[in-house]
There are 2 protein chains.
Amino acid sequence: MLSRMESEPVIGRRGAHAKGVARRQEILDRAIEVFRERGADGTSLRRIAEAIGVSHAALLHYFDSREQLLVAVYAHAEAQRAAADAARRAEGAPLPLRGVDSMADAAVKNVEVPGLVQLYSTLVAAALESSSEVSREFFSARFERVRSELTTSFRVQQEDGSIRDDVPAEHLAALVVAASDGLQIQWLLEPSVELEGTLRSIATLLQPQPGPDPRRS
Amino acid sequence: MLSRMESEPVIGRRGAHAKGVARRQEILDRAIEVFRERGADGTSLRRIAEAIGVSHAALLHYFDSREQLLVAVYAHAEAQRAAADAARRAEGAPLPLRGVDSMADAAVKNVEVPGLVQLYSTLVAAALESSSEVSREFFSARFERVRSELTTSFRVQQEDGSIRDDVPAEHLAALVVAASDGLQIQWLLEPSVELEGTLRSIATLLQPQPGPDPRRS
DNA sequence: GTCTATACTTTGATAGAC
DNA sequence: GTCTATCAAAGTATAGAC
């Protein structure tokens with residue numbers, strides 16, 4: 001029941017032998033930098049290995065496949081962000097945002113690092129192919145977790161009357177996740193779309209509604 | 001100003017020489033079937049060529065690259081759907097849907113052919129990479145066109161009072177596109193999310209609002 | 001356990017024959 | 001216009017050095 005990150009689930013296989021795990025994390029840290037800088041562009045196993053300073057076979061010693069490495073990189077980047085957020089809050093920073101605002105904030109931060117959004121899109125697309133189990137399992141679980149957290153948050157807000165309750169919380173959760181993902185892509189392709197403004201407009205759409213108008217026929 | 005499809009823009013290079021164009025369309029028709037059946041799974045140039053009955057080099061005679069072929073396939077599939085819709089309407093079928101309903105309808109039809117959604121996701125992800133100009137140009141233009149059409153539709157509806165007008169039509173358009181794209185992916189990964197119901201919930205969110213409540217403090 | 005060297009296979013792409 | 005041959009790059013797998 002610790003509020004602390006419960007030691008970030010290891011995506012790869014071997015390890016659990018302290019030393020190996022440490023080296024693994026080191027590789028992930030460096031790989032993340034590669035993606036941050038160059039995006040998912042020329043990120044073959046050999047290029048990543050070269051940037052890290054090892055042979056490509058060495059990477060496969062820690063990860064079963066290129067796909068598994070990529071998923072691990074994304075998961076690691078996400079965990080880093082979560083840890084940073086937690087640390088910031090621990091220092092007395094603003095309270096955890098709820099519902100829509102948390103997504104809007106995360107989205108804005110995401111597009112500052114296009115390489116990671118690129119990686120995310122690539123892996124989600126891969127998850128739809130029957131060949132890539134690793135991606136599918138990771139993103140199925142991730143979507144379910146995020147939707148579930150948002151649903152809970154929305155349900156609470158519906159009960160205390162801070163948002164409308166004439167639309168199921170589950171629908172709102174799925175919609176907000178979809179909108180956030182989709183808008184980040186649209187923004188990367190055409191920065192004239194107002195990412196933050198559009199996401200904040202969702203808050204307006206969610207404002208509490210008056211009961212059904214009795215004057216209506 | 002014809003309402004008819006203006007001869008579907010040719011994505012490839014050569015052609016314009018009648019004969020070549022015909023063969024081209026033939027290849028695209030067959031390639032679409034491959035994607036409909038097997039999705040974007042094992043769709044290397046050689047596999048597609050094999051399914052069609054030619055060598056992979058033959059495909060590259062009509063398309064500069066694999067990416068260009070894939071974009072052409074997607075564009076062709078979309079044009080086919082648009083043509084079918086137009087034909088259906090010409091037979092006195094229901095009038096063109098507006099705004100949200102048109103997107104919801106399209107989304108539901110899309111997920112019936114997972115292979116095409118897969119192809120779409122793959123190409124959108126590719127469009128984010130600086131290496132693939134073809135995808136980026138196609139999808140940048142596509143997003144802009146769809147957003148623009150939706151914006152116009154929403155603006156009209158705002159003026160005649162059928163939807164709320166306290167959120168910019170541009171925001172609504174971008175949101176609906178994003179929600180539709182994102183939900184299709186979520187549904188493919190977890191069919192328990194209610195694709196159609198969730199998309200229709202957007203209509204509820206867009207219902208006209210009463211003016212600001214004067215009783216409020 | 002960690003890593004290099006190396007080889008195998010598939011793939012996108014090009015060149016040249018017919 | 002289409003095929004065969006060929007290439008370079010990439011993912012993957014294995015053997016063996018340390």
Side-chain angles (χ1 to χ4, degrees), chain A residues 10-31 34-35 38-73 119 122-123 125-126 129 131-135, chain B residues 10-28 30-31 34-35 38 40-73 119 122-123 125-126 129 131-135:
Chain A
V10 172
I11 298 277
R13 43 174 181 187
R14 359 201 175 193
H17 288 35
K19 185 67 171 295
V21 172
R23 178 66 175 131
R24 224 190 113 87
Q25 297 295 328
E26 197 181 324
I27 290 178
L28 283 180
D29 283 335
R30 298 235 224 167
V34 176
F35 278 87
R38 314 204 301 230
D41 266 358
T43 52
S44 65
L45 272 181
R46 284 172 168 84
R47 296 254 218 157
I48 299 173
E50 184 186 7
I52 293 182
V54 295
S55 74
H56 68 283
L59 296 183
L60 291 176
H61 180 70
Y62 295 93
F63 304 91
D64 284 332
S65 66
R66 176 186 127 103
E67 193 199 344
Q68 192 181 72
L69 167 62
L70 261 49
V71 171
V73 167
L119 178 58
T122 302
L123 291 177
E129 314 213 350
S131 48
S132 29
E133 281 183 61
V134 191
S135 299
Chain B
V10 172
I11 298 278
R13 43 170 178 187
R14 357 201 177 194
H17 289 36
K19 189 66 171 296
V21 171
R23 178 70 174 128
R24 224 189 114 88
Q25 297 295 327
E26 199 182 321
I27 290 179
L28 283 180
R30 299 236 224 166
V34 176
F35 278 89
R38 316 204 302 234
D41 265 359
T43 52
S44 66
L45 274 181
R46 282 173 172 83
R47 296 255 216 158
I48 299 174
E50 185 186 8
I52 293 183
V54 294
S55 75
H56 72 282
L59 296 184
L60 292 176
H61 180 69
Y62 294 93
F63 305 90
D64 284 331
S65 66
R66 175 185 128 102
E67 192 199 343
Q68 192 181 73
L69 167 62
L70 263 49
V71 171
V73 166
L119 178 58
T122 303
L123 290 177
E129 315 213 349
S131 48
S132 28
E133 281 184 60
V134 192
S135 298

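Quick note: numbers below take in every heavy atom, side chains included, and nothing from hydrogens, waters or symmetry partners. Reminder, nothing fancy here: chain letters follow the sequence lines and each chain counts from 1. None of these values were measured; they are calculated from a predicted model.
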Got a list of protein N/O to nucleotides 10-13 of chain C N/O distances below 3.5 Å?
residue, atom, partner, partner atom, Å
dG12(C), OP1, R66(B), NE, 3.4
dG12(C), OP1, R66(B), NH1, 3.4
dG12(C), OP2, L45(B), N, 2.7
dG12(C), N7, R46(B), NH1, 2.6
dG12(C), O6, R46(B), NH2, 3.1
dA13(C), OP2, R66(B), N, 2.8
dA13(C), N6, R46(B), NH2, 3.4
dA13(C), N6, H56(B), NE2, 2.6

Applying salt bridge (Lys or Arg N to Asp or Glu O under 4.0 Å), can you list everything that pairs with E50(A), at least two apart in sequence or on another chain?
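Checked E50(A) against salt bridge (Lys or Arg N to Asp or Glu O under 4.0 Å); zero matches.
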My understanding is that only residues two or more places apart in sequence, or in another chain, count here; which of them pass salt bridge (Lys or Arg N to Asp or Glu O under 4.0 Å) with E26(A)?
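For E26(A) the salt bridge (Lys or Arg N to Asp or Glu O under 4.0 Å) partners, ignoring immediate neighbours, are R23(A).
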My understanding is that only one of T43(B), V73(B), V54(B), I27(B) makes a side-chain contact (heavy atoms from CB on, under 4.5 Å) with I48(B); could you say which?
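Considering T43(B), V73(B), V54(B), I27(B), a side-chain contact (heavy atoms from CB on, under 4.5 Å) with I48(B) is found only for T43(B).
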Take the protein atom [atom1] of [X] and the nucleotide atom [atom2] of [N], then report the distance between them rounded to whole Å.
{"X": "H61(A)", "N": "dA17(D)", "atom1": "NE2", "atom2": "P", "answer": "17 Å"}
{"X": "I52(A)", "N": "dT2(C)", "atom1": "CD1", "atom2": "C1'", "answer": "15 Å"}
{"X": "R24(A)", "N": "dC3(C)", "atom1": "CZ", "atom2": "P", "answer": "13 Å"}
{"X": "Q68(A)", "N": "dG11(D)", "atom1": "CD", "atom2": "C1'", "answer": "14 Å"}
{"X": "L59(A)", "N": "dA13(D)", "atom1": "CG", "atom2": "C1'", "answer": "15 Å"}

Counting distance only, does the side-chain N/O of R24(A) pair as donor-acceptor with the main-chain N or O of Y62(A) below 3.5 Å?
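Yes, the answer is positive, given that a donor and an acceptor are paired below the 3.5 Å cut-off.
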Using side chain to side chain contact (heavy atoms under 4.5 Å, CB included) as the criterion, list what pairs up with A126(B), not counting sequence neighbours.
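Scan of A126(B) (side chain to side chain contact (heavy atoms under 4.5 Å, CB included), adjacent residues dropped) gives S132(B), S135(B).
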Side chain to side chain contact (heavy atoms under 4.5 Å, CB included) involving D29(A) - partner list, sequence neighbours excluded
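Scan of D29(A) (side chain to side chain contact (heavy atoms under 4.5 Å, CB included), adjacent residues dropped) gives H76(A), Q80(A).
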Using a cut-off of strictly less than 4.0 Å, decide whether Y62(A) has a side-chain nitrogen or oxygen near OP1 or OP2 of dG1(C).
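Checking dG1(C) against Y62(A), no side-chain N or O comes under 4.0 Å of OP1 or OP2.
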Measuring to OP1 and OP2 of dC3(C), would you say a side-chain N or O of R23(A) lies under 4.0 angstrom away?
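Yes, within the criterion.
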